[in-house]
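Order of listing sets the numbers, starting from 1, for every ligand and every atom in it.
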Amino acid sequence: MSGRSSFLIVANRLPVDRTVGPDGTASWRRSPGGLVTAIAPVMQRRHGAWLGWHGAADEKLDPFEQDGMNLISVPLSTEEVELYYEGFSNATLWPLYHDVVAPPVFERDMWDAYRLVNQRFANAAAEVAEHGAVVWVQDYQLQLVPAMLRKLRPDLRIGFFLHIPFPPVELFWRLPWRKELVEGLLGADLVGFQLSGGASNFRRLCRRLLGLPYKGNEIFLDDRVVTTQAFPISVDFGELDTMVRDPAVITRAKEIRSELGDPDHLLLGVDRLDYTKGIGQRLEAFGELLKDGSLAPNEAVFVQIATPSRERVEEYRRLRDDIELQVGRINGEHAMLGLQPIQYFHQSYGRKELAALYLAADVMVVTPLRDGMNLVAKEYISCRHAMDGALVLSEFAGAADELRQSYLVNPYDIEDVKRQLLAAMRATPHELTRRMRTMRRRVTTYDVDRWANEFLNALESPVSQSATLHTASWRSG
Ligand code: GDG
């Protein structure tokens, strides 16, 4: 790859993972995960460049090409991975932005590393962006990049999208570095959120913390306007819809059901093993249904895929132990020879295997305590072209705003989860079709292409007339 780019994605991670073959040769493979799933197709179409860390510490890589994407690695040292990534990003910001469901850690050396690494990303972007390029910065690990980049390159059009929730002012206020963080985000021309609630939390915060006025979606700075808006992320509906029509995937789905003993109800959970995902709550509800006899032990099987995640962060290690203890207890009490009611897998799977699981499952169980969007819920919908299957969905997932025909639950209310699990299992085919048809209509029309195009159109469109006028009057007033 050579020269500069007119379109850049800046994200913590490059969208690839390195694999080493039996003969010792290394190659790159597109990695799983929400962000990658969402953006890779857009990148390929626009022939841009993607800046991010490649996943190995203390190693510098030359730019390379993969799957039609130009990839530029931003290096991180072992200490930076610990302090910037596992520390400030995942032990401070992640819990703080997810309703403090785990206590956030506030440590100054983590913040210093976060600032230093954000500056490195900004410098790298400034170096490869063409004059007037569009730069799209992704997610909570890089919230200082917009302002740092604007300082270096005022000619750029800078967008930022936050994949996780933006918290209410009262929670954000705890952050010792709250002012720097908000000023970092305000370096963007457009700050995108999953939901309008996140955007309005951000605008209120800007007024209270920095005294900035806003009107509608626009925040008025001295010399420019920052637009804040919701862009609910979605999935590649077409890819999944095609995948589940593949005979190999259909056969695999049948095999999965028969390997599980052809239960009346196959329930499925697919999550990164994360304390925000409410895995414990759903297993508790399922265990109680078995215990109180609402479900016979051989009537339902719950398959829980818990993909390994952030295993060096203390809170995640504890969570793994808790979940595995809980699975062991429930299975210990209710298993029969050759039949375990919970099938738990702490492993990662290929996309096709995942699609086969979605196709095999009667009830998809998505119960986060807080989630920016939750792509798994939308992936399940995309795989149900027969218009059957039920989605049990937490009210605290961003996806609940769009998927109103799911079986909505409050995951903190175990009785409610039990009730909705049973309702989903007992629903008539007619009822399931009615709900699924409406939800599929939503996901087909608002897929990931539409999400990315709407964001980029908003970023590239000229600033509104009213915004310019308002800035002028604010400055003169
Ligand atoms: C963040 C926000 C927001 C999971 N296990 C495997 C696998 N996955 C894929 C799923 C899905 C993705 O990972 C997970 O996306 P989610 O949206 O459910 O959750 P987060 O990872 O927390 O994502 C979230 C998202 O960003 C996008 O903005 O929706 O709220 O927290 O695509 O299918 N993929 C494969 N094997 C696995 O074992 N191949």
Original post:
Which ligand 1 atoms are under 4.0 Å away from a heavy-atom of Gly372?
Top reply: 30 (O)

**OP:** Number the atoms of ligand 1 from 1 as they appear, then name those within less than 4.0 Å of a heavy atom of His163, with their elements.
**Re:** 2 (C), 3 (C), 26 (O), 27 (C), 28 (O), 30 (O)

Original post:
Is it true that Asp262 and Lys254 make a salt bridge, defined as a side-chain N closer than 4.0 Å to a carboxylate O?
Top reply: no

Original post:
Under 3.5 Å, is there a donor-acceptor pair between the Tyr407 and Asp416 side chains?
Top reply: no

Original post:
How about Thr307 and Ser348: does a side-chain donor come under 3.5 Å of a side-chain acceptor?
Top reply: no

**OP:** For ligand 1, note which part of Ile233 has a heavy atom under 4.0 Å away: side chain, backbone, both or neither.
**Re:** side chain

Original post:
Is it the side chain, the backbone, both or neither of Lys277 that has a heavy atom closer than 4.0 Å to ligand 1?
Top reply: side chain

Original post:
Will you find, in the side chains of Tyr358 and Glu379, an N or O donor that is under 3.5 Å from an N or O acceptor?
Top reply: yes

Original post:
In terms of atom number and element, which parts of ligand 1 are under 4.0 angstrom from non-hydrogen atoms of Arg272?
Top reply: 20 (P), 21 (O), 22 (O)

Original post:
Side chain, backbone, both or neither: which part of Leu354 comes within less than 4.0 Å of ligand 1 when only heavy atoms are counted?
Top reply: side chain

Original post:
With only distance considered, is Phe161 within less than 3.5 Å of ligand 1 through an N or O on each side?
Top reply: no

Original post:
Could an N or O of ligand 1 be found under 3.5 Å from any N or O of His98, whether backbone or side chain?
Top reply: no

**OP:** Ignoring hydrogens and angles, state whether a donor on the side chain of Arg370 or Thr276 is under 3.5 Å from an acceptor on the partner side chain.
**Re:** no

**OP:** Compute whether any side-chain donor of one residue and acceptor of the other, for Asp274 and Tyr316, lie under 3.5 angstrom apart.
**Re:** yes

**OP:** Take atom CZ of Arg29 as the centre, draw a 6.0 Å sphere, and report whether it contains more than 12 heavy atoms from other residues, nucleotides or ligands.
**Re:** no

Original post:
Between the side chains of Glu324 and His346, does any donor sit under 3.5 Å from an acceptor?
Top reply: no

**OP:** Return a yes/no value for Val270: is any of its N or O atoms, backbone included, closer than 3.5 angstrom to an N or O of ligand 1?
**Re:** no

Original post:
Short list, please: which atoms of ligand 1 are under 4.0 Å from a heavy atom of Tyr349?
Top reply: 35 (C), 36 (N), 37 (C), 38 (O), 39 (N)

**OP:** Heavy-atom distances under 4.0 Å are what count here, so tell me which part of Trp94 touches ligand 1: side chain, backbone, both or neither.
**Re:** side chain

**OP:** Establish, yes or no, whether the cationic atom of Arg120 lies under 6.0 Å from the six-membered ring centre of Trp53 and within 45° of the ring axis.
**Re:** no

Original post:
What part of Leu375 sits under 4.0 Å from ligand 1 if we count only heavy atoms: the side chain, the backbone, both or neither?
Top reply: both

Original post:
Hey, does Met373 come in under 3.5 Å of ligand 1, counting only N/O atoms on both sides?
Top reply: yes

Original post:
Taking atom types as modelled, is there a side-chain donor on His163 or Gln194 under 3.5 Å from an acceptor on the other?
Top reply: no

Original post:
Which atoms of ligand 1 are found less than 4.0 Å from any heavy atom of Gln194?
Top reply: 3 (C), 28 (O)

Original post:
Based purely on interatomic distance, does Asp371 place a nitrogen or oxygen under 3.5 Å from a nitrogen or oxygen of ligand 1?
Top reply: yes

**OP:** Would you kindly specify which portion of Tyr358 sits under 4.0 Å from ligand 1, judged on non-hydrogen atoms: side chain, backbone, both or neither?
**Re:** side chain

